[in-house]
Every structure is written in structure tokens, then in C-alpha cells.
Amino acid sequence: MKKTHKRVIAFLLASTFVFSAMTAGVFAIAAYLNPTQGGDYATSTYMSVNTVDDFIELVETSSDIFTTNDDTTVVEADEAQPVLQEATPAAASEEIAPTIIIPGISQSISYLADENGNPAVNANGEELSGGLLIIDSSTLPGILAETVAGPLVTSLIAQADIGLSDAIYETITQVFAIQASGKDGKAVQNLKTITYEYPISEMNQDDKDYFYRMIPMKSVVDEIGGEENLYFYTFPLISDPLISAAKLDQYIQMVKEQTGSQKVNIVTISLGGTILTAYLELKKNTNYEDINKVLNVVSCLQGTDVMGDFYLRNFNLEDQFFFQEFLPMVMKEMNGFATLGHIINIALKIFPREVIEHILTAAVDGILDTLMLNCPQFWAMIPTDRFDAVIEKYSYIANDPEYSRLYAAIMKFQEARLNLDDNLIKLNQQGALVHNVCGYNLDYSSQDYCFFAAMKSSLDTNSDAIIDIDSTSLGATYAPAGEVLSEEYIATRDPKYISPDGSLDVSTCLFPDNVWFFEGQHHEVGRNDVVIKLIAKLASGQINSTADMAEAFPQFNGNRNTRNITRWYLEEAEIVFEEYENDPTLYNEADIAELRAVYNDSLVLLDTTVCEPTAATAMRERFEYALCRVGVREPEEDTTSQEALEIICAFLDETIYNVFGADGFSDLKGNVVIQAPVIA
């Protein structure tokens with residue numbers, strides 16, 4: 001997904017908490033959203049979005065590994081698993097097993113299809129597609145004018161909620177309507193997902209470029225068998241993970257047939273961990289004969305507290321954080337300056353606090369009712385230990401016959417997740433290694449997507465800023481980010497498994513000698529070339545435990561961001577060198593000498609595998625400066641005026657907050673405010 005897309009989506013999600021941000025976010029989407037992305041539709045293979053009916057049809061026409069009852073998958077409980085034993089790689093031969101990537105939440109492209117199955121377009125001729133959210137930007141101005149404008153004016157005059165929260169709810173449901181799910185857990189609209197029934201080597205150039213943007217493995221692909229040995233399994237977000245898992249089984253058989261291999265490697269990224277969880281449950285009675293090894297990269301294996309908080313409405317609504325700090329932080333991430341966030345904070349004061357609370361409730365209601373409550377894939381992201389609380393909160397799903405299929409799908413996946421450790425142990429005992437790569441020691445306000453800081457769990461999480469470390473590592477014991485485990489606890493544990501910063505005990509992980517940790521590493525691990533290199537070594541069998549190549553790839557590593565260097569700067573420098581060789585008059589000799597020096601120093605840096613973030617940052621800045629000197633890149637613009645404006649707005653915001661707190665202007669004692677009931 002393009003960075004612009006992610007920023008706009010971040011803005012939209014942040015806006016669910018504050019109405020003013022909601023309004024601004026909708027217009028921002030209308031202005032900037034570009035829903036066309038991914039590959040060449042004319043040459044791609046389409047697959048209808050999976051439904052329970054699709055799954056039943058698949059079951060009836062494939063092997064007998066499933067039994068069915070009432071149109072849902074029935075998985076018999078397995079016997080207790082024996083004790084974990086030492087595993088030997090199943091494919092210890094000279095040949096490398098083909099690798100299947102199961103990607104994260106925004107990396108599979110889906111689209112709204114017309115009656116002929118082709119991508120539908122909106123009034124502006126834009127295809128309605130995306131990796132995360134599919135929004136028709138052409139309808140947004142009309143929705144706002146028709147739904148919000150009247151109640152906004154009326155509520156502003158009355159200083160009360162006169163239909164405004166209802167209008168916000170209606171707006172949210174319309175904005176997200178393309179990806180709505182029904183009570184049966186199936187997508188309401190005709191959604192399709194682009195699939196690739198062939199290796200990366202056979203992708204057209206657009207699709208291949210998209211893949212390497214999402215999964216930057218181009219530099220190490222030869223280590224894992226070449227592009228002809230690398231596959232990309234995509235799956236729909238608005239679906240059921242058990243259905244996607246059944247499709248994965250078919251995909252694995254296809255890969256085996258195409259490559260002649262008896263087994264495959266599975267690499268899961270983020271949300272891909274939920275598909276692996278479902279797959280292992282569906283196949284647990286077949287001895288996992290198709291799997292050589294599993295490599296989980298920042299994978300959602302036991303859910304994320306981000307999702308648990310949202311379902312349980314467990315937000316950090318502490319006054320100073322929410323009404324003063326939150327939006328400036330989000331806006332600063334988006335465009336480098338917090339100015340707009342401060343302006344929104346001030347603008348919010350035109351409404352009484354009670355109205356803002358109504359609006360927040362309505363916005364969250366709209367997102368839950370449209371995107372999340374009826375979609376099994378979203379339920380699959382709820383943390384295992386909070387699932388009971390969530391299912392109790394929405395108990396009507398269990399009791400209403402209209403939700404029977406959805407409820408069955410939700411409970412089937414929860415059973416799969418409860419059995420995950422046993423299934424992985426069984427897989428391991430049959431010779432397939434299981435590796436995990438994780439980032440840790442961040443809360444949800446760190447780096448990108450800091451709108452997740454509104455989740456209350458951010459106050460006590462230890463994560464990669466998206467998924468908690470106990471989920472990605474399969475059981476690490478942790479102290480909150482920035483804190484350390486107690487001395488008493490550490491004294492009772494094997495120091496070998498205590499992280500250098502003292503925040504983790506990895507001895508409690510399911511596979512403590514097969515999990516690697518990158519301290520301070522954000523969930524977007526593709527920015528770190530060392531993580532990619534480690535993936536290649538694990539997939540190719542050069543590393544089978546933390547004892548292998550431990551000096552080069554220590555179990556506890558740091559973090560670094562080399563994305564700009566590897567994706568752009570090296571190539572841009574090489575083009576300059578070629579042009580200079582052909583015509584030395586094009587560039588200044590001293591500038592070329594400096595560019596060559598930083599180019600060579602970058603290669604030296606990239607040849608190291610022990611991460612140090614400041615060295616990578618300094619190299620990135622130096623490289624960018626050298627490229628500016630030769631005219632390839634523009635120097636950063638003067639931001640003095642923007643910085644000054646930010647300081648002024650921050651001062652006004654703080655001053656007004658000190659006077660009014662979280663209340664609106666009209667909440668002052670003596671003002672008459674028309675009361676309106678809070679939306680349940």
C-alpha cells in the first residue's frame with residue numbers, strides 16, 4: 001500500500017475519536033485517496049472473496065480432511081501432544097523448498113467487482129480497490145452534505161447533540177459500506193481478491209514491483225531458491241480465516257505440483273499468522289506432511305491488544321492525553337508538524353464535552369457495526385486471553401439464530417488458536433522447524449500509526465507498536481515498554497533468556513531457541529535489511545536455531561532503518577556514476593567523489609548484521625545530502641514559518657486547555673446547555 005494511502009487511513013481512523021478530525025479526514029480522503037494500486041488486472045488471476053458457501057463447495061470437491069455439519073467446518077479435538085523434542089529440518093537436502101509468503105493486513109489487494117466480475121469504478125473513473133480500506137472518494141462530499149451538514153449546524157446553534165451523533169454513525173457506515181459484512185459473516189458486496197497462481201518469476205513487472213515494495217526480498221531472493229521458488233499467497237480481509245486456510249491448502253498443492261517439491265516453507269507476516277493458525281488446525285490430522293518449516297515474522301499468532309481494546313471500547317480517554325496530546329501527535333506523524341492537531345483541539349471547544357462524547361460513541365459504533373463485528377477475520381485478531389470478555393460483551397451473536405454461521409466461524413477459529421501451541425509442537429516433532437522474528441520494547445505511540453496510542457493497552461504493552469510481544473514470540477514474558485522485569489523475577493530465571501534491556505524473558509516462549517528479537521523494531525520490519533537477511537538464512541536452512549551464526553545474527557539485536565538506502569539511494573547513485581562515466585562534464589568531480597564515498601560506506605554498513613539505529617540514520621542523512629549535491633534530490637525546504645506556526649498553535653492550545661480542560665466553551669458555569677442522551 002502506498003505511503004499516502006497509509007497516512008490517509010491513519011487520519012481516518014484517528015478521526016473516529018474526534019468529530020472535527022472526522023470531517024477533515026473525509027475531505028482529505030476525497031483529495032488524496034488513489035484507490036488504484038497493485039498489478040495489471042488484465043493479466044492477474046481473480047478469486048471471488050471467500051464465503052462459507054465457497055468453503056463448503058471446496059470441501060465437497062477436495063480431500064476428506066474436513067467433516068462438515070450445518071455448513072461449517074468441524075474439527076475434531078486431537079489427543080494431548082507429547083513433550084517437545086529436538087527437531088531436524090525436514091528438507092536438509094541440497095535443494096531448498098519453495099517458499100510461500102502469507103502477507104499482512106494491507107498486502108493483499110481486493111476490489112469491488114461489477115456484475116461481470118471486473119473491477120468496478122466510481123464516478124471519477126477510479127477503481128474501487130485497496131489492501132486495507134476500500135473507500136469511494138467520489139461519494140464523500142455528497143455524503144457529508146446530505147448527512148452531516150444539517151445536524152452539524154443545528155447542534156452547533158443549540159450546543160447539544162441534535163441528531164449529530166446519528167449523522168456521524170450514518171456517515172461512517174456509508175463510508176465503509178463497500179467492505180461491510182452481514183450477520184452471516186459474509187461480505188455484503190461482491191468483493192474479489194487478486195491472486196497469483198504462479199511464482200514471482202512469472203509475475204508481470206507491475207505485480208513484481210508491487211510485491212517487492214510490500215516484501216522487500218529482492219536483494220536476497222537467490223538465497224531462498226530464486227524467484228521461481230518464491231510464491232505470494234493472498235487472501236481477503238473481509239472473510240473467514242478458516243476459509244482462507246482451506247484455500248491455502250489448495251495453493252500449497254499447486255506449488256508442490258509446479259515445483260516438483262514434496263514440501264514447502266511457509267513465511268507468515270503479521271495478519272498472515274491467523275491464516276497459519278487456521279491451516280494448522282484444519283490439517284492437524286494429516287501429519288503436516290506438506291510443511292518443511294514455518295517462519296513467522298511479527299505475526300499475529302495470539303491476537304493484538306489493539307483489537308481487543310477496540311472491541312471492548314477500552315480507550316485512553318484521560319483528559320490531557322485525549323483532548324490535548326493525541327491529535328497533535330497523530331498530525332505530526334502525518335505531515336511532520338502538529339499544527340493541525342492543535343487547531344482541531346481548539347476547534348473542538350465549540351461543542352460541549354458531552355456532544356463530543358456522543359460523537360465518539362457513534363463513530364466507534366459505526367466502525368464496529370460495519371467493518372468488525374460481523375467479519376470473522378477481524379475477530380481472529382482479538383487476543384486469546386480477552387476473547388471470552390469480548391464474546392460476552394456481544395453475547396447476542398451467540399444467541400441470535402441469524403448470527404449462527406458467524407458465531408460458528410468465530411468459535412472455530414478460537415478453538416484453532418487455543419490449539420495452536422499443540423499443533424506447532426506436533427509440527428515440530430515431525431521435523432519441521434518453527435521460527436519467530438519479533439520487534440519489541442515499543443508502545444502503540446511509537447513511530448508510525450501512533451493513532452493506536454488511543455488504545456488503553458498502550459500504557460502497559462511491550463510490542464512492535466502494533467502486535468504484542470507475547471503474541472509474535474509465542475509466549476515471551478515481558479515488562480511494559482521502557483521498563484524492566486523485577487530483580488526478584490530475573491533472579492529465578494536463566495540469564496541466557498533475559499533480554500539485554502531486562503524487559504523480556506524468552507524462556508517462556510514455545511520455542512525459546514528459535515525466536516529472534518529486535519529491540520525497538522517497529523512492526524514495519526521491511527525497513528530493516530537485517531531482518532530480511534535473517535529471513536533468507538532461516539528459509540534456506542543456513543540458520544536453524546539461535547546458536548547458528550549467533551555472532552552475525554544474535555538472538556537479541558537492535559534495529560535500523562535502511563529502507564531509503566536500499567530502495568532508492570543506491571540505485572540513484574549508480575545512475576549518476578554511469579552518467580558521469582559517459583560525460584564527466586555533467587557533474588562536479590568533488591561531488592562525485594563524496595557520492596562514491598557514501599555509496600561505498602553504505603555497502604559496508606549493509607554488510608553488517610548487528611543493528612545500530614544511529615549509524616543507519618547518519619548514513620541515510622549523509623547519502624541524501626550527497627544526492628542533493630549532485631542534483632538528483634532536492635534539499636529540504638525551509639520550514640521556519642511552519643515551525644513558528646506550530647509553536648504559536650501549541651501555545652494557544654495549551655493556554656485554552658489550561659482554562660477549559662476537556663470541556664467546551666459553553667460548558668462554563670452559567671451557560672444553559674440542552675441535554676441529549678448518550679448513545680449506548
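Since this is a predicted model, take the numbers as computed values, not measurements. The first residue in the sequence is number 1, and the count goes up from there.
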Look only at the side chain of [X] and the backbone of [Y], and say whether a donor-acceptor pair between them is shorter than 3.5 Å.
{"X": "Thr147", "Y": "Ile143", "value": "yes"}
{"X": "Gln159", "Y": "Ile350", "value": "yes"}
{"X": "Ser463", "Y": "Ala465", "value": "yes"}
{"X": "Asp421", "Y": "Asn423", "value": "no"}
{"X": "Asn419", "Y": "Glu415", "value": "yes"}
{"X": "Glu127", "Y": "Ala120", "value": "no"}
{"X": "Glu333", "Y": "Cys450", "value": "yes"}
{"X": "Gln107", "Y": "Gly104", "value": "yes"}

Query raised in the report: Are Asp319 and Arg353 close enough for a salt bridge, meaning some N to O gap below 4.0 Å?
Result: yes
Query raised in the report: Is Lys284 salt-bridged to Asp422, cutoff N-O under 4.0 Å?
Result: no
Query - Ring centre gap for Tyr478 and Tyr440 strictly below 6.0 Å - result: no
Requested in this report: Name the orientation class of the two ring planes belonging to Tyr449 and His522 (parallel below 30°, tilted from 30 to 60°, perpendicular beyond 60°).
Outcome: tilted
Report summary line: Hits for side chain to side chain contact (heavy atoms under 4.5 Å, CB included) against Thr384, two or more places apart or cross-chain, chain-then-number order -> Gln302, Gln414, Arg417, Leu418
Query - For Ala380, all residues meeting side chain to side chain contact (heavy atoms under 4.5 Å, CB included), sequence neighbours excluded - result: Pro241, Thr274, Gln377, Phe413
Query raised in the report: Is it the case that more than 12 heavy atoms not belonging to Glu146 sit under 6.0 Å from its CD atom?
Result: no
Requested in this report: With side chain to side chain donor-acceptor pair (under 3.5 Å) as the test, would you mind laying out the steps for Asp305 and Tyr444 before giving the verdict?
Outcome: CA-CA 10 Å; Asp305 278 332; Tyr444 300 147; 4.5 Å; no
Are the side chains of [Y] and [X] in contact, using a 4.5 Å heavy-atom criterion?
{"X": "Ile215", "Y": "Ile269", "result": "yes"}
{"X": "Ser244", "Y": "Pro236", "result": "yes"}
{"X": "Thr139", "Y": "Asn122", "result": "no"}
{"X": "Thr472", "Y": "Asn436", "result": "no"}
{"X": "Ile178", "Y": "Ile135", "result": "no"}
{"X": "Lys186", "Y": "Arg405", "result": "yes"}
{"X": "Val437", "Y": "Asn296", "result": "no"}
{"X": "Leu368", "Y": "Arg313", "result": "yes"}

Distance from [X] atom [atom1] to [Y] atom [atom2], nearest 0.5 Å?
{"X": "Leu371", "Y": "Ile172", "atom1": "CG", "atom2": "CD1", "result": "9.0 Å"}
{"X": "Ile238", "Y": "Thr193", "atom1": "CD1", "atom2": "OG1", "result": "9.5 Å"}
{"X": "Phe232", "Y": "Met214", "atom1": "CZ", "atom2": "CE", "result": "8.5 Å"}
{"X": "Lys283", "Y": "Leu248", "atom1": "NZ", "atom2": "CG", "result": "9.5 Å"}
{"X": "Phe351", "Y": "Asp663", "atom1": "CZ", "atom2": "CG", "result": "15.0 Å"}
{"X": "Leu132", "Y": "Ile109", "atom1": "CG", "atom2": "CD1", "result": "10.0 Å"}

Nearest non-hydrogen partners of [X] and [Y], listed with the distance:
{"X": "Ala409", "Y": "Pro376", "result": "CB-CG, 4.1 Å"}
{"X": "Asn314", "Y": "Arg386", "result": "ND2-NH2, 3.6 Å"}
{"X": "Ile469", "Y": "Ser473", "result": "O-OG, 2.5 Å"}
{"X": "Leu164", "Y": "Ser155", "result": "CB-OG, 3.4 Å"}
{"X": "Tyr196", "Y": "Tyr251", "result": "O-OH, 2.7 Å"}
{"X": "Leu474", "Y": "Leu420", "result": "CD2-CD2, 4.1 Å"}

Requested in this report: Take Thr268 and Val297 through the test side-chain contact (heavy atoms from CB on, under 4.5 Å) and record every step on the way to the result.
Outcome: CA-CA 6 Å; Thr268 73; Val297 183; over 6 Å; no
With a 3.5 Å cut-off and no angle check, do the side chains of [X] and [Y] form a donor-acceptor pair?
{"X": "Thr195", "Y": "Thr234", "value": "no"}
{"X": "Asp309", "Y": "Ser457", "value": "yes"}
{"X": "Tyr403", "Y": "Asp184", "value": "no"}
{"X": "Gln521", "Y": "Asp464", "value": "no"}
{"X": "Asp443", "Y": "Ser446", "value": "yes"}

Report summary line: Residues passing the side-chain hydrogen bond (donor to acceptor under 3.5 Å, both in side chains) test with Asp460, sequence neighbours excluded, are none
Query - Residues in side-chain hydrogen bond (donor to acceptor under 3.5 Å, both in side chains) contact with Asp470, at least two apart in sequence or another chain - result: none
**Report entry** Verdict with reasoning, Asp166 to Glu170, per side-chain contact (heavy atoms from CB on, under 4.5 Å)
**Finding:** CA-CA 6 Å; Asp166 290 339; Glu170 181 63 24; over 6 Å; no
Requested in this report: Report the C-alpha separation of Asp468 and Thr461 in whole Å, then their side-chain angles, then the decisive distance to 0.1 Å, and conclude whether the side chain to side chain donor-acceptor pair (under 3.5 Å) test is met.
Outcome: CA-CA 7 Å; Asp468 318 296; Thr461 190; 3.0 Å; yes
**Report entry** Stepwise ring-ring contact (aromatic ring centres under 6.0 Å, His included) test for Phe310 and Phe315
**Finding:** CA-CA 7 Å; Phe310 204 97; Phe315 304 120; 5.7 Å; yes
**Report entry** Pairs meeting criterion ring-ring contact (aromatic ring centres under 6.0 Å, His included) with involvement of residues 360-394, two or more places apart
**Finding:** Tyr311-Trp379
Could you list the donor-acceptor pairs under 3.5 angstrom formed between side-chain atoms of residues 321-332 and any protein atom two or more places apart in sequence or on another chain?
{"residue": "Glu325", "atom": "OE2", "partner": "Gln320", "partner atom": "NE2", "Å": "3.4"}
{"residue": "Lys332", "atom": "NZ", "partner": "Glu646", "partner atom": "OE2", "Å": "3.4"}

Requested in this report: Give the intermediate values and the outcome of side-chain contact (heavy atoms from CB on, under 4.5 Å) for residues Gln447 and His523.
Outcome: CA-CA 10 Å; Gln447 301 179 34; His523 190 71; over 6 Å; no
Query raised in the report: Do Ser138 and Asn124 pass the side chain to side chain donor-acceptor pair (under 3.5 Å) test, and can you show the C-alpha distance, the side-chain angles, and the key distance before you say yes or no?
Result: CA-CA 6 Å; Ser138 69; Asn124 297 329; 4.6 Å; no
**Report entry** Tyr111 vs Leu128, side-chain contact (heavy atoms from CB on, under 4.5 Å): CA-CA, chis, key distance, verdict
**Finding:** CA-CA 6 Å; Tyr111 62 92; Leu128 298 173; over 6 Å; no
